[in-house]
Amino acid sequence: MNNTIIRLTARAMLGGRRLYLLLGLALLFLALATLLRLFAEFGTSDATEFIQAVSLGALLPLFGLIVGTGAIAPEIDDGSVVYLLAKPVSRHTIVRSKLVVAVITTVTFAAVPTFLASVIMVGGSSGIALGFGAGALVAGAVYSAVFLLLAIATRQAVIFGLVYALLWESVVGGFVPGAQVLSVQQWALSVTESIASPGAVSANVSLGAALVLIVAVFAAATWYAGERLRVLTLAGEE
Amino acid sequence: MMTTLTLKDVSRWFGNVVAVNDVTMSIGPGITGLLGPNGAGKSTVINMLGGFLPPSTGSVELDGAAVWKNPDVYRAIGLVPEREAVYDFLTGWEFVLLNAELHGLPDPGEATRRALATVEMEYAQQRKVGDYSKGMKQRVKMASALVHDPAVLLLDEPFNGMDPRQRLHLMELLRRMGADGRTVLFSSHILEEVEQLASQIEVIVAGRHAASGDYREIRRLMTDRPHQYTISSSDDRALAAALIADGCTASVSLDSKEQVLRLEASQFLNFAELLPRVSRDAGIRLYQVTPADESLESVFSYLVQA
C-alpha cells in the first residue's frame, strides 16, 4: 500500500459533495431508526427485518457503489489518473491503496450507522446489533472491492452497479433461492446470524459458505482490479 | 544519460480503423518534434511510447526494455499529457509533491521546490491548481514531469492554447532540457513550432511515417512539391500561353466556366518570381492569385506520396 495514494484518495473521496451525501444518508437512516423506536410498536423481528432491508438491502450496496466507483472513476474519466499510473508503483498497490480508503469510508458511513441503528432499535445485549454491524462491515468490504473493479473495467460502472444492486440483490436475491447463494446480502446476513442470539435472523447461506465466498470474492475482485489497471489504456482524443 | 526510444514495425488499430501504420523510428537525445495534422496518429504514438497503449503489432521500447506493462520505465520518463485534468483540489505545491512522493524520491520536498523553480511557478504554488490558467496548468504539469529529473520527456501538444509569451518560455525550457542531453519528444500540428525547436523532425500523416530529418530537409520537401494556383487576370488565355512558353509550370488549364486559370507550378520559389515577370512582360494584369492546396493536410499528403 502507498500512503501518498491513500491520502490523495481520501481527499478526493471526502473533499466534495460526496461527503455530504454519505453523511446525509447515514443520518437519515439513524433518524428513521430513532423515530420507529419512539413512535412505532415494533417487535424485535420487525426491527431486524427493517435493518436487514434498509441497511444490508439498500444502504450498503448503494454506499459500496458510490464509494467503490468514487475511489477511481472520476480520475479515469478526466484522465488525471495518468499521474498515478506513470509512476514506478505497482498497479496492484494503487488498487489496494484505493480499496483501503473505500472500505474505511463504507465502514464509517454505513457499517457504524448500521450498528448504531440496531442498538437504538433492539438494544445492545442480544448480539443483534453487533451481528448487523459485522454483517454490514463484510458487505461493505465486498461491495467496495467489486465496485472498484467495475469502475476500472468499464466506464459504465455506475449503471452496471445500479442494475446489480437493484435487480440482483433485491429482486432476484430476495426471491430466487438459487441466486441467494450469490448474494452479498445473504453472506452478510449469514455473518449476522452467527453472532446474533439464535433465531433472531435467518440467512439462506451457511456461515462456512458465506465466509469462503466473502474472502474469495474480495480477494479475487481486488486482484483482478489490479490486473485491469495494468492494461488500462488511455486512448488519445484525436 | 543516453536514452533512446524505439518503435519497430509498430501498427495500432482501433477496431477497423488503423491509427498508426507500420511505423519504425528511433528517438535519441536532443529535441525531436512529432509533426502531423490533427488525427494523424501523433497522440497514439505518444500514448504507446508512454506505456498507455499497447501496439497491435511491433515493439515499443525504451533502451531495449518494453514500455507496455512495465511501470519501472517511469523512473526514466516524464510525461506531459495533452489533457488538462489534474487533481484540481490540490495546490500547485501539493500536486508536484504528490508526483515526487509517488516516485519515491529521497527528498520529495527539495525535488518539488526545484521543479517548481524550473518552470517559475513558485509564486503560485500555494494556490489551487483548479484556479490556474491554462498556461499555468501546463507549467505545473511540466514541473510534475520533471520532478524526478527524467532522461526522457514526452509532451503531447504542449503548446496548445498557450499565449506567445508562455510559448516562448516553454520553448526556452525545452531547449535547456535538450541541451542537457535529455531525450525530448513533443508533438505538434504546427510546422513553425516544430521548426523553431526540434533538431530532428518526424512527420506522421494518416498513421504513416511520412518523413524524417532535420528541419531544412522537411522544409525542402514541403516547398519543392508542385504548387497549385487559381489565377484570374485580364487575359487568362494569353497568360496561359506565356507561362507554358516559359516552362516553369507542370500543367496549365483554362476553366472557362469559372473564368479562371488553374495551374501547377513545379517549383514554389521560382514560380513566385516568374508569375509577376511573365504577366508584366505580356502586359497582362493579375486580378487574383490563390494557392489552391496550401492547407497543412495537402502539404502532408504530398509528403506521403513522395
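Predicted model only: the values in this text are computed from it and were never measured. Letters A, B, ... mirror the listed sequences (proteins, then strands); counts begin at 1.
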*Asks:* With sequence neighbours left out, which residue pairs that include part of residues 62-76 of chain A fulfil the side chain to side chain donor-acceptor pair (under 3.5 Å) condition?
*Replies:*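 Qualifying pairs: A:Glu75-A:Lys98, A:Glu75-B:Tyr87.
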
*Asks:* Restricting to non-hydrogen atoms, name the atom on B:Asp72 and the atom on A:Pro88 that form the minimum distance, rounded to 0.1 Å.
*Replies:*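 Where B:Asp72 meets A:Pro88 most closely, the heavy atoms are OD1-CB, 4.4 Å.
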
*Asks:* Any chance CG of A:Leu28 has more than 12 other-residue heavy atoms, nucleotides or ligands included, within less than 6.0 Å?
*Replies:*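 Counting neighbours around CG of A:Leu28, more than 12 heavy atoms of other residues, nucleotides or ligands fall under 6.0 Å, so yes.
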
*Asks:* Below 4.5 Å, heavy-atom pairs only: which of B:Leu90, B:Asp88, B:Ile77, B:Asp156 has the largest tally toward chain A?
*Replies:*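 Most pairs with chain A among the choices: B:Leu90.
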
*Asks:* Which residues in residues 1-22 of chain A have a heavy atom less than 4.5 Å from any heavy atom of chain B?
*Replies:*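 At a heavy-atom separation under 4.5 Å, chain B is reached by A:Asn2, A:Thr4, A:Ile5, A:Arg7, A:Leu8, A:Arg11, A:Ala12.
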
*Asks:* A:Asp77 and B:Arg83: which non-hydrogen atoms are nearest, and at how many Å?
*Replies:*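 In this case the closest contact between A:Asp77 and B:Arg83 is O-NH2, 2.9 Å.
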
*Asks:* Once you round to the nearest 0.5 Å, how far does NZ of A:Lys87 lie from NE2 of B:His148?
*Replies:*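 Reported to 0.5 Å precision, the distance equals 7.0 Å.
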
*Asks:* Compare every heavy atom of A:Arg230 with every heavy atom of B:Trp68, then report the nearest pair and how far apart it is.
*Replies:*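 It is CH2-O, 4.2 Å.
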
*Asks:* Could you go step by step and tell me if A:Thr233 and B:Phe14 meet the side-chain contact (heavy atoms from CB on, under 4.5 Å) rule?
*Replies:* CA-CA 12 Å; A:Thr233 58; B:Phe14 299 98; over 6 Å; no

*Asks:* Please determine, among A:Val89, A:Leu232, A:Val81, A:Leu85, the option with the most heavy-atom pairs under 4.5 Å with chain B.
*Replies:*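 Looking at each of A:Val89, A:Leu232, A:Val81, A:Leu85 in turn, A:Leu85 comes out on top.
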
*Asks:* If you count heavy-atom pairs under 4.5 Å with chain A, which of B:Pro54, B:Ala85, B:Gly50, B:Gly51 comes out on top?
*Replies:*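 If we count pairs closer than 4.5 Å to chain A, B:Ala85 comes out on top.
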
*Asks:* More than 12 heavy atoms of other residues, nucleotides or ligands under 6.0 Å from CZ of B:Phe89: is that the case?
*Replies:*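 Counting neighbours around CZ of B:Phe89, more than 12 heavy atoms of other residues, nucleotides or ligands fall under 6.0 Å, so yes.
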
*Asks:* Not counting sequence neighbours, which residues clear side-chain contact (heavy atoms from CB on, under 4.5 Å) with A:Leu23? List them please.
*Replies:*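 side-chain contact (heavy atoms from CB on, under 4.5 Å) list for A:Leu23, sorted by chain: A:Leu27, A:Phe109.
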
*Asks:* Hey, which residues of residues 95-112 of chain B are touching chain A, say heavy atoms under 4.5 Å apart?
*Replies:*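 Against chain A, the residues of residues 95-112 of chain B that fall inside the cut-off (heavy atoms, under 4.5 Å) are B:Phe95, B:Leu98, B:Asn99, B:Glu101, B:Leu102, B:His103.
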
*Asks:* With a 4.5 angstrom heavy-atom cut-off, is it the side chain or the backbone of B:Glu84 that approaches chain A, or both, or neither?
*Replies:*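 Nothing of B:Glu84, per the 4.5 Å heavy-atom cut-off to chain A.
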
*Asks:* Indicate the atoms forming the closest heavy-atom contact of B:Pro81 with A:Tyr83, along with that distance.
*Replies:*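 Minimum heavy-atom separation between B:Pro81 and A:Tyr83: CD-OH, 3.5 Å.
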
